[in-house]
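Presented below is the structure to which this report refers.
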Number of protein chains: 2
Amino acid sequence: MTQGRPMRADARRNYERLLKAAAGAFAEHGENASLDDIAKRAGVGSGTLYRHFPTRQALLEAAYVDRIEAFGVRADELAGERPPGEALAEWLYELAVGSLQVRGMRALLGSAVTEHGGAAALTACGTVVHGAVTRLVKAAQAEGTLRGDVEPIDVLRLTHGVTTAAELAGAGEREIRRYLRLLTEGLRAG
Amino acid sequence: MTQGRPMRADARRNYERLLKAAAGAFAEHGENASLDDIAKRAGVGSGTLYRHFPTRQALLEAAYVDRIEAFGVRADELAGERPPGEALAEWLYELAVGSLQVRGMRALLGSAVTEHGGAAALTACGTVVHGAVTRLVKAAQAEGTLRGDVEPIDVLRLTHGVTTAAELAGAGEREIRRYLRLLTEGLRAG
DNA sequence: TCGCGAACCGGGGACCCTCTCCGCATGGTA
DNA sequence: TACCATGCGGAGAGGGTCCCCGGTTCGCGA
């Protein structure tokens, strides 16, 4: 990716500052925090912000990349200590809770599982999350606790959808858990 | 509601024009169509628009109220010609497809099932849809095809969530059908 | 250590959107 | 016909996004 040349020292400094400012602003005002404001907080001009991060998405992703990677790690942790079906369920739950608690992250995850006109233009964060869910899903399917006719990305999208539903309900973690259980067990009686 | 006095002739004319212009603009540009542009299309000043419709939501709702009411009617039609479980499933499917095809309607339905700080500040459209789904859900539960521990609004929210998921998938009607089936049957194997 | 070109910075400005305000035009009534 | 409450319209304030370009700074090579 960013080979070419190893970024000039001032450029890197500003980059770091922007990330820190962005994380603060997004946490405080949600995904629609003012970008100009973020630039001001970081003590740089708005031009500098837009050079480093061409779109809001790009900045959002860069600001949360460490959290996203933590989810990747967490997936393997869970896979090591629980049976596959449970590991998947718990991971999805934690992902959903995280999506709601950390403002702006839900939008990020949403964009990570979006079909961009067919081209698999997966963002970096999309790659991590998609990798993690794929491992968990395959294991659960091999174990026989998860139906075989779903793709990992389906599971991710449906979880995102359920999170949306929970948010509409003015959600707490209890609502998320309930909706995820409904998704797992199905709405049908019996 | 709007008793007080029977709206002056010019006011009513502008109101109608705004509705027509709004329907066109929302269909064309999605729920974020420019309000100023809508006012221009309608040949009125922006002040007039904001007087009749204080918020974007209000305009969106007014523009789609007839479609929403059609869903209410459709619910009773389906209830008359199919067993309750099927009627509910088909209605949800049509609702989801409508949400995707008519741009802006998904946002509207979302807001219709949102918990507004506990106060049941249901919009007019929310009332219609909520009434329809309640009738269908109760019938299906009485029949025994729908699990008893879900509220009608849960079904609505989850459908909205699934629609969101389908949209992320670059959805067609096939994807919606698939995701709704997954929701009905559950992700668990068996 | 020094000089130089490339890389980067900053903030002003163009453009778009929302929403309000108030002088003015107009419809409905006596 | 004449009056005045009611509704109209569009300019403007405020806030946001994003680009552009003159000026500055870095760090490589000598």
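Lettering follows sequence order; numbering is per chain, from 1. Note that the coordinates shown come from a computational prediction; the quantities given were computed from them, not determined experimentally.
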Among residues two or more places apart or on two chains, list those pairs meeting salt bridge (charged side-chain N to carboxylate O under 4.0 Å, His left out) that have a residue in [range].
range	answer
residues 160-170 of chain A	A/Arg106-A/Glu167
residues 53-69 of chain A	none
residues 20-35 of chain A	A/Glu28-A/Arg41

Selection residues 56-108 of chain A - residue pairs positive for ring-ring contact (aromatic ring centres under 6.0 Å, His included), sequence neighbours left out: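 Sorted pair list comes back empty.
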Which pairs pass ring-ring contact (aromatic ring centres under 6.0 Å, His included) with one or both residues in residues 15-48 of chain A, sequence neighbours excluded?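 Output for this query lists A/Tyr15-A/His52, A/Tyr15-A/Phe53.
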Can you check whether B/Val150's main-chain N or O pairs, donor with acceptor, with B/Gln141's side chain at less than 3.5 Å?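 Judged by distance alone, yes, a pair lies under 3.5 Å.
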Which residues in residues 8-18 of chain A have a heavy atom closer than 4.0 Å to any atom of DNA chain C?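 Those residues whose heavy atoms fall under 4.0 Å from DNA chain C, taken from residues 8-18 of chain A in numerical order, are A/Arg8, A/Asp10, A/Ala11, A/Asn14.
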Mind calculating the distance between [atom1] ([X]) and [atom2] ([N]) to the nearest angstrom?
X	N	atom1	atom2	result
B/Ile38	C/dC16	CD1	C1'	15 Å
A/Met7	D/dG27	CE	P	12 Å
A/Phe53	C/dC8	CZ	P	13 Å
B/Leu49	C/dC17	CG	C1'	13 Å

Quick one: list whatever passes side chain to side chain donor-acceptor pair (under 3.5 Å) with B/Thr145, sequence neighbours left out.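 For B/Thr145 the side chain to side chain donor-acceptor pair (under 3.5 Å) partners, ignoring immediate neighbours, are B/Glu143.
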Within the pair B/His52 and D/dC8, is there a side-chain N or O less than 4.0 Å away from OP1 or OP2?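 Yes.
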My understanding is that only residues two or more places apart in sequence, or in another chain, count here; which of them pass salt bridge (Lys or Arg N to Asp or Glu O under 4.0 Å) with A/Glu16?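 Counting only residues at least two positions away or on another chain, A/Glu16 forms a salt bridge (Lys or Arg N to Asp or Glu O under 4.0 Å) with A/Arg12.
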Scoring nucleotides 15-22 of chain D by protein non-hydrogen atoms under 4.0 Å (B base, S sugar-phosphate only, - none) yields --BBBB--
